[in-house]
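For this chain, numbers begin at 1 and follow the sequence in order.
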Amino acid sequence: MKNLLLNLFAFLFFALSLSVNAQNKKQRYYHLLVGTYTRTQNQGIFVYEFDSKTGKLKLEHTTEGIKNPSYLTINKEGTKVYSVSEQETSGVSYFQFNNKTGQISYQNFQPSPSPGGCYISLTNDDKYVFTANYGGGSVSVFPVKANGEVAPVNQLIQHEGTSINERRQNKPHAHCIYPSVDGSHYYVPDLGADKVFAYQYQADANKPLIPAKQPSIAITPGGGPRHFIFNKKGTFAYLVEELTAHVSVYSHQNHELKQVQRISMNTPDFKGTNGAADIHLSQDGNYLYASNRGTANEIVIFKVDKNNGTLTKIDNVSCKGKTPRNFSIDPSNNFLLVANQDSNDIFVFKRDTKTGLLTYSGETVNVGAPVCLKFTPKL
């Protein structure tokens with residue numbers, strides 16, 4: 001009986017080890033999809049295998065003949081990819097994606113009645129894709145068919161408003177559309193209007209987006225709101241302001257925003273040109289990162305106070321390239337990858353999960369005008 005119990009224990013331990021090893025092996029590799037401007041190459045979306053233990057990248061597939069598939073979104077299953085298409089006729093392109101091999105294939109395109117699409121979001125229920133249109137200062141709503149294809153636009157929301165920067169804010173410029181944690185609301189920073197517009201999502205209504213109870217929130221004049229995120233609990237929101245390189249912190253209750261802090265991204269002696277772009281939180285919510293283009297070319301690191309959401313800046317790190325348009329923290333939380341649009345490269349930084357600090361890993365890949373980085377598991 002004793003031997004039987006020992007053998008049973010050994011078998012269970014072996015089975016558990018196999019399960020843990022299989023899970024770790026499965027979680028080691030991811031696909032990294034890179035959206036680009038195709039001004040220097042015919043390929044548009046680049047698919048890399050990413051090793052989350054070493055930080056190494058290996059090219060798997062590309063798309064060809066699709067012009068400027070810049071910003072991307074991927075469904076939860078990792079089988080459908082949607083991109084804004086920044087071309088003469090702006091709109092949305094749909095691609096099927098093989099999350100085993102990384103092969104990506106173009107399926108269909110729908111034009112937008114408003115120009116300059118620059119950001120795209122897929123609803124949690126996979127029923128719609130929304131685009132923020134910088135050129136048109138608007139939001140386009142595209143229904144998604146059961147097979148994943150994009151249907152024609154069924155709603156266009158036109159923003160109104162200007163602000164104090166006469167060159168950049170003489171008309172509205174919608175720059176991002178980001179969901180609340182529960183997916184019931186969407187928030188649209190508008191660089192030209194100096195406002196964050198808020199919409200309630202109604203999946204089965206004729207107009208899927210309607211103004212929220214708090215329809216907009218004004219920011220500091222001249223800030224130029226660009227990208228927007230929530231923490232995992234949805235209790236705090238963070239907004240990067242492009243024109244002044246600030247991050248604003250908001251408390252979030254009952255789908256209403258209230259500013260609690262506004263903090264500069266720049267070092268005290270900075271005298272260059274601002275171009276703040278992207279913003280992300282680490283997986284554990286302990287650190288916030290923001291990219292600054294212009295003449296800074298930096299990733300700025302902030303420590304997050306989880307009690308009140310406020311930020312303390314701890315470092316400004318060179319992105320080692322030019323114009324860090326977008327960046328992404330990998331799913332393992334151990335690496336941060338920066339897409340440098342104007343130096344045509346992606347740099348991989350090792351991330352210290354305890355301190356939040358970044359060090360260059362030695363890994364770089366060259367790709368023409370990368371502007372968006374999205375991870376999905378490799379099955």
Side-chain angles (χ1 to χ4, degrees), residues 71-77 79-84 90-94 108-134 136-161 172-191 193 195-219 225 227-239 250-258:
Y71 211 86
L72 313 175
T73 188
I74 308 171
N75 71 336
K76 293 182 290 291
E77 293 75 23
T79 57
K80 297 177 174 63
V81 178
Y82 300 88
S83 79
V84 291
S90 181
V92 171
S93 295
Y94 162 57
N108 87 310
F109 170 81
Q110 289 291 349
S112 172
S114 187
C118 64
Y119 195 103
I120 186 167
S121 289
L122 174 67
T123 56
N124 291 341
D125 56 18
D126 294 343
K127 290 185 176 182
Y128 294 92
V129 287
F130 304 139
T131 64
N133 306 311
Y134 181 87
S138 64
V139 173
S140 296
V141 176
F142 296 82
V144 174
K145 299 178 182 179
N147 64 359
E149 290 187 355
V150 184
V153 167
N154 73 345
Q155 184 183 9
L156 180 70
I157 302 171
Q158 181 62 53
H159 288 178
E160 301 293 338
H173 292 298
H175 222 312
C176 166
I177 180 161
Y178 197 87
S180 59
V181 171
D182 63 6
S184 67
H185 287 67
Y186 280 80
Y187 295 84
V188 184
D190 192 301
L191 182 144
K195 290 181 179 179
V196 177
F197 292 91
Y199 299 97
Q200 184 178 343
Y201 173 51
Q202 307 178 116
D204 300 318
N206 291 330
K207 293 184 177 181
L209 294 178
I210 61 171
K213 180 173 62 174
Q214 182 190 38
S216 67
I217 182 169
I219 72 158
H227 280 193
F228 182 87
I229 56 170
F230 284 101
N231 66 346
K232 284 187 176 180
K233 292 183 178 180
T235 51
F236 296 103
Y238 300 89
L239 172 71
Y250 298 89
S251 63
H252 180 245
Q253 292 184 331
N254 300 318
H255 300 292
E256 294 188 0
L257 299 170
K258 182 179 180 181

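With rounding to the nearest 0.5 angstrom, the CG atom of L209 is 11.0 Å from the CG atom of L156. Rounding to the nearest 0.5 angstrom, the gap separating the CD atom in Q214 from the CG atom in L257 is 5.0 Å. In this structure, F130 CZ and F142 CZ are separated by 11.0 Å, a value rounded to the nearest 0.5 Å. Of the inter-residue distances, the one linking Q253 atom CD with T235 atom OG1 reads 8.5 Å to the nearest 0.5 angstrom. To the nearest 0.5 Å, the span separating NZ on K195 from CD on E160 amounts to 9.5 Å. In this structure, S180 OG and H255 NE2 are separated by 5.0 Å, a value rounded to the nearest 0.5 Å.
Put simply, the side chain of H175 reaches to within 4.5 Å of the side chain of C118, judged on heavy atoms. Annotation: side chain of I217 is in contact with side chain of Y250 (closest heavy-atom distance under 4.5 Å). The side-chain heavy atoms of H159 and V188, taken from C-beta on, include a pair separated by under 4.5 Å. No side-chain heavy atom of V129 sits less than 4.5 Å from a side-chain heavy atom of Q110.
For the pair Q158 (side chain) and G137 (backbone), a donor-acceptor distance under 3.5 Å is present. Between the N75 side chain and the K80 main chain, a donor and an acceptor come within less than 3.5 Å of each other. One N or O on the side chain of N108 and one on the backbone of V150 form a donor-acceptor pair closer than 3.5 Å. Of the possible donor and acceptor atoms, one in the side chain of S121 sits under 3.5 Å from a partner among the backbone N and O of I177. Listed for the D190 side chain is no donor-acceptor partner under 3.5 Å among the backbone atoms of V196.
For residues 198-210, the set of pairs meeting the salt bridge (charged side-chain N to carboxylate O under 4.0 Å, His left out) definition, not counting sequence neighbours, comprises K127-D204.
Residues N133 and P115 approach most closely at CB-O, 3.4 Å, considering heavy atoms. Residues S83 and L72 share a closest heavy-atom pair of CB-CD2, 3.5 Å. The two residues H185 and A212 make their nearest non-hydrogen contact at CD2-CB, 3.7 Å. Across all non-hydrogen atoms, the minimal contact from V153 to P111 is CG2-O, 3.9 Å. Of all the heavy atoms in L239 and I219, the pair that sits closest is CD2-CG2, 3.8 Å. Nearest approach of S140 to S114, heavy atoms of both residues: OG-CB, 4.5 Å.
Under the 30°/60° scheme for interplanar angles, the aromatic rings of Y128 and Y201 are found to stand perpendicular. The aromatic rings of F228 and Y178 lie perpendicular to each other, with more than 60° between the two planes, well past the 30° mark. Ring geometry, Y94 versus Y82: the interplanar angle falls under 30°, so the pair is classed parallel (tilted spans 30 to 60°).
Few gaps surround NZ on K76; more than 12 heavy atoms of other groups in view lie less than 6.0 Å from it. Counted within 6.0 Å of CG on N147, heavy atoms from surrounding residues, nucleotides or ligands total more than 12; the atom is thus considered enclosed.
Remark: the N254 side chain and the E256 side chain contain no N/O donor-acceptor pair separated by less than 3.5 Å.
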(request) Show your reasoning for whether side-chain contact (heavy atoms from CB on, under 4.5 Å) applies to Y71 and T131. (result) CA-CA 10 Å; Y71 211 86; T131 64; over 6 Å; no
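Shown here are the ring pair (Phe, Tyr, Trp, His ring centres under 6.0 Å) partners of Y199, two or more places apart in sequence or in another chain: there are none.
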